[in-house]
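A short write-up of the structure that comes next.
Below, read A as the first sequence line, B as the second, and so on, with proteins coming before strands; counting in each chain starts at 1. Heavy-atom basis, side chains included; hydrogens, waters and symmetry copies ignored.
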Protein chains: 2
Amino acid sequence: MALSHAIMTALLEDDMSGYELAKAFDVSLGFFWHASHQQIYQQLHKLAEQGLLDKETVVQRSRPDKILYRLTEAGREELAQWVFGPSRVQEAKDDLWVKLYNLSEANLAHLSGELRQRRDEMMQRLYLYEKIRRRHYAEPDSLPLRRKGVYLALLAGIRQGEQFLAWCDEALSMLSNIDSPSSP
Amino acid sequence: MALSHAIMTALLEDDMSGYELAKAFDVSLGFFWHASHQQIYQQLHKLAEQGLLDKETVVQRSRPDKILYRLTEAGREELAQWVFGPSRVQEAKDDLWVKLYNLSEANLAHLSGELRQRRDEMMQRLYLYEKIRRRHYAEPDSLPLRRKGVYLALLAGIRQGEQFLAWCDEALSMLSNIDSPSSP
DNA sequence: AGCAATCATGCAATAAGTTGCATAACCTAA
DNA sequence: TTAGGTTATGCAACTTATTGCATGATTGCT
């Protein structure tokens, strides 16, 4: 059960509503994790039931009411313990790799297109994450310990992304050098 | 539904039993995908029911009987169509990143240990995949088209792995430079 | 005036994936 | 000889994740 711990982690510093969590997930942990709002709401209910989170309804004018969640002491302890627990390597299970195994003349153009699109998406992500890095993690050595961990995760994401870009270029160049069967 | 397509992809070249598929998954698609045998058996039943695979029971002496699965024409067509369908980026959802967000003096030593372990595991994987690369993909430009796709996927896995190693070293060196709170 | 987007939460049904167990025969090494 | 590993498939119960829908006010754009 890892999503619940990701949620608790996101609540370490700020109390948030489900809606805010879903957005925070997209930027902060977003490089490594994605969760739909439905999933987040479901997990929040469970965590609150288990006493790991406290609810607090915040009435808003001109906006629907929201429910703020806050880590309880029990939640903090559970999270701290969880770090010592086992965790195994999780493969990305990305369709792209499976599709590549099916490369053929029929889908060559399509897959090249998909690669170009992935490349563009990754560029945009990297742009965002590099900005965060420069703004908040310019001097990693002087960060407090916990932030150093966040920095290292961010760095892993950036490096992964840059590696992916380079691979895309290589793959695209290889694919563009293939003669289509209809050409002489 | 991507596992089913990964299974069909694995059956493109060879007919296999569930057991053989599970093992093939660990080596070939293993860099990008993992599936338990239960999951594979379940999917095989479904795919056979849908007419995408054919079953054939092979009686063996000195071994339990096995059930060979073969792609049907319908299966091949479904797979070919699927390649043109949408696919989105899938995050790895690896606990490691979430754990890093929780870095503290209490778990610093533990997380360093986990990093070292991950690094070792990745080294072993890379060793295996580099061997496959040298043996079967030494001259990628002269491969038939489909194998070029497999090569590109393999290459992505290798590059990703190498990047991860480099990141691990950087992370470990950063973490080892932290004074523990009990030392002067 | 109307339309899309944002804020905010949720239910219900289904699909996908995990965990634990069960069976059964052979092979190998201590 | 007996314990552990490999080959081989499967059920049942459970958790996790996805898909599709519903609601409803406000804000900003055209």
Spacing of [X] atom [atom1] relative to [N] atom [atom2], expressed in whole Å:
| X | N | atom1 | atom2 | value |
| --- | --- | --- | --- | --- |
| Leu44(A) | dT16(D) | CG | C1' | 15 Å |
| Asp65(B) | dC26(C) | CG | P | 13 Å |
| Leu68(B) | dT7(D) | CG | P | 15 Å |
| His34(A) | dT16(D) | NE2 | P | 18 Å |
| Tyr19(B) | dA8(D) | OH | C1' | 7 Å |
| Ile40(B) | dA15(C) | CD1 | P | 20 Å |
| Leu3(B) | dA17(D) | CG | C1' | 15 Å |
| Lys46(B) | dT14(C) | NZ | C1' | 9 Å |

| said: With a 4.0 Å limit, can you tell me whether Ser17(B) has a side-chain N or O closer than that to the phosphate oxygens OP1/OP2 of dT9(D)? | reply: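 True: Ser17(B) side-chain N/O within range (under 4.0 Å) of dT9(D) OP1/OP2.
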| query | So does Gln42(A) get a side-chain nitrogen or oxygen closer than 4.0 Å to the phosphate oxygens (OP1/OP2) of dT16(D)? | reply | no
| 5'-most contact on DNA chain C: Gln38(A) or Pro64(B), nearest heavy atom basis? | Gln38(A)
| field | Which residue lies more 5' along DNA chain D, comparing Tyr41(B) with Gln90(B) via nearest heavy atoms | value | Tyr41(B)
| query | Want to settle it: does Lys23(B) or Tyr69(B) sit nearer the 5' end of DNA chain D, counting the closest nucleotide to each? | reply | Lys23(B)
| When only distance counts, do a donor and an acceptor, one from the side chain of His45(A) and one from the base of dG10(C), lie under 3.5 Å apart? |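 Result: no qualifying N/O pair found.
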| query | What class does the angle between the rings of Trp167(A) and Trp97(A) fall in, given that below 30° is parallel, 30 to 60° is tilted and above 60° is perpendicular? | reply |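 It falls in the perpendicular class, over 60°.
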| said: Can you classify the ring geometry of Trp82(A) versus His5(A) as parallel (below 30°), tilted (30 to 60°) or perpendicular (above 60°)? | reply: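 Trp82(A) and His5(A): parallel rings.
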| query | Is any side-chain N of the basic residue among Arg118(A) and Asp94(A) closer than 4.0 Å to the acidic one's carboxylate O? | reply |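 A salt bridge links Arg118(A) with Asp94(A).
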| message | Quick test of your reading of the model: are Asp95(B) and Arg88(A) salt-bridged, counting only N-O distances below 4.0 Å? | response |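 Salt bridge: no.
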| query | Checking all strands, does Gln60(A) fall into the base, sugar-phosphate, or nothing category for heavy-atom contacts under 4.0 angstrom? | reply |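 Sugar-phosphate: the residue Gln60(A), judged by heavy atoms under 4.0 Å, touches backbone atoms but no base.
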| query | Within a radius of less than 6.0 Å around CD of Gln60(B), do more than 12 heavy atoms belonging to other residues, nucleotides or ligands occur? | reply |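 Enclosed: over 12 neighbouring heavy atoms sit under 6.0 Å from CD of Gln60(B).
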| query | Taking the side chain of Arg63(A) as its heavy atoms from C-beta onward, which of dG10(D), dT6(C), dA17(D) lies nearest to it? | reply | dT6(C)
